[in-house]
Q: 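Before we start, here is the structure in question, set down as C-alpha cells.
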Amino acid sequence: MEVILLQRIEKLGQMGQTVKVKAGYARNYLLPRKKAIRATDDNKAKFEKQRAQLEATNLAKRQEAEAISGKVEGLTVVIIRQAGETGQLYGSVSARDIATAATKAGVTIDRNQILMDRPLKDLGLHPIRVALHPEVVVNITANVAKSEEEAELQVKAGHAIVGTAAEEAKSLDEMLEQVEQAAEGEGEATEKAEKPAKKAKAEKAEKSEKPEKAEKKAKGEKADKAEKSGKAEADDKPAKKSKKKDKE
C-alpha cells in the first residue's frame with residue numbers, strides 16, 4: 001500500500017514523502033495514529049494545498065521538543081519489580097510503565113513516544129530511546145530493580161545486581177559506610193585529645209611571655225631614669241659653671 005507521510009517516520013521517510021508499506025502496518029499503525037494518509041489523487045492534492053501549514057506546525061513542535069530535550073536527555077527512572085535469583089522478572093516492563101515512571105520523576109512522556117522493540121524482562125540498567133518529536137530523539141535509562149536500595153547499588157556498579165552479587169554489594173556498601181563512620185569518629189577523638197595539649201601550650205607560652213614583658217618593662221623604666229638623670233646633669237652644668245665664675 002502507498003501512503004503519504006504526515007511526519008518523519010524513522011527508517012521509512014520524511015514528511016510529505018509517498019512510500020510503500022505493508023497493508024497491516026498502514027491500517028494498524030500509520031493511518032489510525034494519523035502519521036500518514038492513503039496516497040490517493042485527492043489526498044495528494046489536499047496535502048499539497050496544506051503543505052506549508054503542515055510544515056510550519058511541524059517546525060513549531062520540533063522547536064518545543066528541542067527546548068525540553070536537555071531536561072529529558074540522560075534521565076534515569078527507577079522501576080521496582082519482583083525477580084528471580086537470575087534477574088529474570090516475574091512479568092515485564094512496558095512502554096507504559098516507563099512513561100509512568102518518567103512522569104513521577106517530573107518529565108511528562110507519552111507511552112507512544114517510548115521507542116521499544118519489546119518489553120523489558122530482566123533486572124538492570126536498560127537504555128531507552130524517547131521520541132519527543134519525530135525529529136528529536138533522546139536517551140534515558142530504565143533502572144529495573146527489586147528495591148530502591150538495589151537500584152542505587154546498580155547505578156554504582158553500572159550493571160544488574162543479581163543472586164549473591166546483591167548481598168556482596170550490600171555488604172561492601174555497609175563496610176564502606178562503617179569505615180567512613182570510624183574515620184569520622186577517630187577524627188573527632190583526635191581533635192578532643194589535642195584540645196588540652198593546645199590549651200596547655202598556650203598557657204605555657206603566656207607564662208613565658210610574662211617575665212619577658214616584665215624584664216622589658218624594667219629595662220624601659222631604667223632607661224627612662226638614665227635619660228632623666230642625663231638631662232638633669234646637662235641642666236646643672238651651666239649653673240655650676242656660673243657659680244665657678246662668680247667665685248673667681
Side-chain angles (χ1 to χ4, degrees), residues 5-15 24-37 53-162 165-166 169-170 173:
L5 299 179
L6 299 179
Q7 64 180 53
R8 177 183 178 276
I9 304 295
E10 193 173 31
K11 298 179 182 179
L12 192 57
Q14 301 293 329
M15 184 178 73
Y25 180 56
R27 285 194 295 265
N28 298 327
Y29 181 72
L30 296 177
L31 300 179
R33 296 193 181 187
K34 298 181 179 179
K35 294 179 181 289
I37 55 176
Q53 184 181 348
L54 290 170
E55 288 179 347
T57 302
N58 179 67
L59 178 61
K61 289 182 178 179
R62 187 181 72 186
Q63 289 174 340
E64 288 177 8
E66 288 173 345
I68 66 168
S69 62
K71 296 180 181 179
V72 185
E73 179 71 44
L75 175 71
T76 297
V77 296
V78 176
I79 300 171
I80 306 303
R81 289 288 186 274
Q82 294 299 315
E85 289 296 320
T86 60
Q88 192 77 17
L89 299 182
Y90 297 145
S92 62
V93 175
S94 66
R96 186 189 295 275
D97 297 322
I98 295 172
T100 301
T103 301
K104 286 181 180 178
V107 177
T108 303
I109 297 174
D110 187 84
R111 66 186 182 87
N112 293 324
Q113 293 177 301
I114 308 294
L115 305 179
M116 293 175 61
D117 295 330
R118 62 186 68 84
L120 306 178
K121 294 187 177 181
D122 52 5
L123 299 173
L125 302 171
H126 303 275
I128 304 294
R129 298 172 67 242
V130 179
L132 300 177
H133 178 271
E135 298 171 38
V136 181
V137 179
V138 297
N139 298 290
I140 66 173
T141 300
N143 184 353
V144 184
K146 290 190 285 186
S147 67
E148 294 286 346
E149 185 183 15
E150 287 195 9
E152 291 180 8
L153 293 174
Q154 288 185 164
V155 171
K156 291 178 182 178
H159 56 74
I161 303 295
V162 296
K170 287 180 184 177
D173 204 47

Q: Are Thr103 and Ile109 close enough that some pair of their side-chain heavy atoms sits under 4.5 Å apart?
A: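 SC-SC contact between Thr103 and Ile109 ruled out.
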Q: I want to check something: taking the side chain as every heavy atom from C-beta on, are Leu59 and Glu55 in contact at a cut-off of under 4.5 Å?
A: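 No. Closest side-chain heavy atoms not under 4.5 Å.
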Q: Considering all heavy atoms of both residues, which atom of Ala145 and which atom of Gln154 are nearest to each other, and what is their separation?
A: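 Ala145 and Gln154 have their closest heavy atoms at CB-NE2, 3.7 Å.
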Q: Who are the salt bridge (Lys or Arg N to Asp or Glu O under 4.0 Å) partners of Arg111, not counting sequence neighbours?
A: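 Applying salt bridge (Lys or Arg N to Asp or Glu O under 4.0 Å) to Arg111 gives none.
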Q: Enter the distance from Leu6:CG to Arg33:CZ here, rounded to the nearest 0.5 Å.
A: 14.5 Å
Q: Within this structure, what is the CZ-OG1 distance for the pair Arg62 and Thr57, rounded to the nearest 0.5 Å?
A: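 Reported to 0.5 Å precision, the distance equals 13.0 Å.
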Q: So which heavy atom on Gly124 is nearest to which on Ala160, and how close?
A: CA-CB, 3.6 Å
Q: Do the side chains of Val93 and Ile98 get nearer than 4.5 Å, heavy atoms only?
A: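 In short, these two side chains touch, coming nearer than 4.5 Å.
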Q: Does Asn143 reach the main-chain N or O of Val77 with its side chain, forming a donor-acceptor pair under 3.5 Å?
A: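 Pair absent, no side-chain N/O of Asn143 close to backbone of Val77.
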Q: Is there side-chain contact between Arg81 and Lys146, with heavy atoms separated by less than 4.5 Å?
A: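 The answer is no; the side chains never approach within 4.5 Å.
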Q: How many angstroms lie between atom CG of Leu5 and atom CG of Leu12, to the nearest 0.5 angstrom?
A: 5.0 Å
Q: Return the OG1 to CD1 distance between Thr108 and Ile68, rounded to the nearest 0.5 Å.
A: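 Spacing of OG1 (Thr108) from CD1 (Ile68) equals 8.5 Å.
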Q: Taking the side chain as everything from C-beta on, heavy atoms only, tell me whether Ile140 gets closer than 4.5 Å to Thr76.
A: no
Q: Considering only heavy atoms from C-beta outward, does the side chain of Ile80 approach that of Val78 to under 4.5 Å?
A: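 In contact.
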Q: Indicate whether the side chain of Asp97 and that of Ser94 have a donor and an acceptor atom separated by less than 3.5 Å.
A: yes
Q: Mark yes or no for whether Gln113, through its side chain, and Asp110, through its backbone, hold a donor-acceptor pair below 3.5 Å.
A: yes
Q: Say you draw a straight line from CD1 of Ile161 to NZ of Lys156; how long is it, rounded to the nearest 0.5 Å?
A: 10.5 Å
Q: In residues 126-134, what donor-acceptor pairs under 3.5 Å come from side-chain atoms, sequence neighbours left out?
A:
from	atom 1	to	atom 2	distance (Å)
His126	NE2	Asp122	O	2.9
His126	NE2	Asp122	OD1	3.4
Arg129	NH1	Glu10	OE1	3.4
Arg129	NH2	Glu10	OE2	2.7
His133	ND1	Glu135	N	2.9
His133	NE2	Asn58	O	3.4
His133	NE2	Asn58	OD1	3.0

Q: Find the distance between CG (Leu123) and CD (Gln88) and round it off to the nearest 0.5 Å.
A: 9.0 Å
Q: Is the shortest side-chain heavy-atom distance between Lys35 and Ile9 below 4.5 Å?
A: yes
